[in-house]
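These numbers come from a predicted model, not from an experiment.
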Amino acid sequence: MHFTESEQSRIIEMAWEDRTPFEAIEEQFGLDEKHVIKFMRAQLKPGSFRLWRERVTGRNTKHKKLRPEGVSRGYCPTQYKQR
């Protein structure tokens with residue numbers, strides 16, 4: 001798949017966000033977890049990719065099925081501040 005720079009930036013942002021599950025990325029951009037990993041490997045520097053993998057590996061909020069019951073949204077309410 002080919003993504004615009006803006007879409008690439010958003011995918012990377014969503015992948016780094018703790019509360020954004022891989023399923024949300026798949027719904028919006030058509031990339032399942034396996035393809036997000038490949039995408040991130042291609043887009044990030046090796047050290048940044050390793051840090052990202054360490055961060056998301058085993059993180060239950062990155063998978064809808066593993067989320068605690070109280071977590072229903074993909075971002076913190078104050079993340080996108082209104083002016």
Side-chain angles (χ1 to χ4, degrees):
M1 293 184 157
H2 181 72
F3 298 104
T4 65
E5 281 188 42
S6 176
E7 290 170 329
Q8 290 175 17
S9 178
R10 183 63 185 133
I11 293 168
I12 293 169
E13 180 182 18
M14 291 174 77
W16 272 102
E17 292 169 348
D18 291 340
R19 290 180 159 254
T20 302
F22 287 112
E23 293 87 351
I25 298 170
E26 184 173 11
E27 287 175 24
Q28 194 167 351
F29 296 101
L31 297 174
D32 62 12
E33 181 179 357
K34 178 180 163 183
H35 288 98
V36 170
I37 293 168
K38 284 183 176 183
F39 176 85
M40 294 294 278
R41 185 184 312 267
Q43 297 296 315
L44 301 178
K45 294 177 183 177
S48 297
F49 176 76
R50 281 192 297 277
L51 286 172
W52 174 75
R53 284 298 289 150
E54 286 177 26
R55 184 178 180 92
V56 299
T57 299
R59 186 170 294 269
N60 61 7
T61 56
K62 290 304 282 183
H63 301 276
K64 280 186 178 179
K65 291 181 181 179
L66 300 177
R67 287 176 158 217
E69 283 189 33
V71 179
S72 61
R73 62 186 185 276
Y75 59 89
C76 173
T78 59
Q79 183 174 351
Y80 301 107
K81 295 179 181 179
Q82 304 283 327
R83 290 184 186 205

* Asked: How about Phe22 and Leu31: do any of their side-chain heavy atoms sit closer than 4.5 Å?
  -> no
Between the CD1 atom in Ile25 and the OG1 atom in Thr20, the distance rounded to the nearest 0.5 Å is 7.0 Å
Sequence neighbours excluded, the answer for side chain to side chain contact (heavy atoms under 4.5 Å, CB included) partners of Ser6 is Thr4
In this structure, CG of Leu51 is separated from CG of Leu44 (nearest 0.5 Å) by 9.5 Å
One should read off an interatomic distance between Ile37 CD1 and Asp32 CG, to the nearest 0.5 angstrom, of 9.0 Å
Applied to residues 38-54, the side chain to side chain donor-acceptor pair (under 3.5 Å) test, sequence neighbours excluded, yields none
Notebook entry, point to check: Would a distance-only check, ignoring hydrogens and angles, find a side-chain to backbone donor-acceptor pair under 3.5 Å from Gln8 to Phe3?
Noted result: yes
Quiz prompt | Lys/Arg-Asp/Glu bridge criterion (N-O < 4.0 Å) met for Arg10, Glu7 | solution = no
So CD of Glu26 and CE of Met14: to nearest 0.5 Å the spacing works out to 11.5 Å
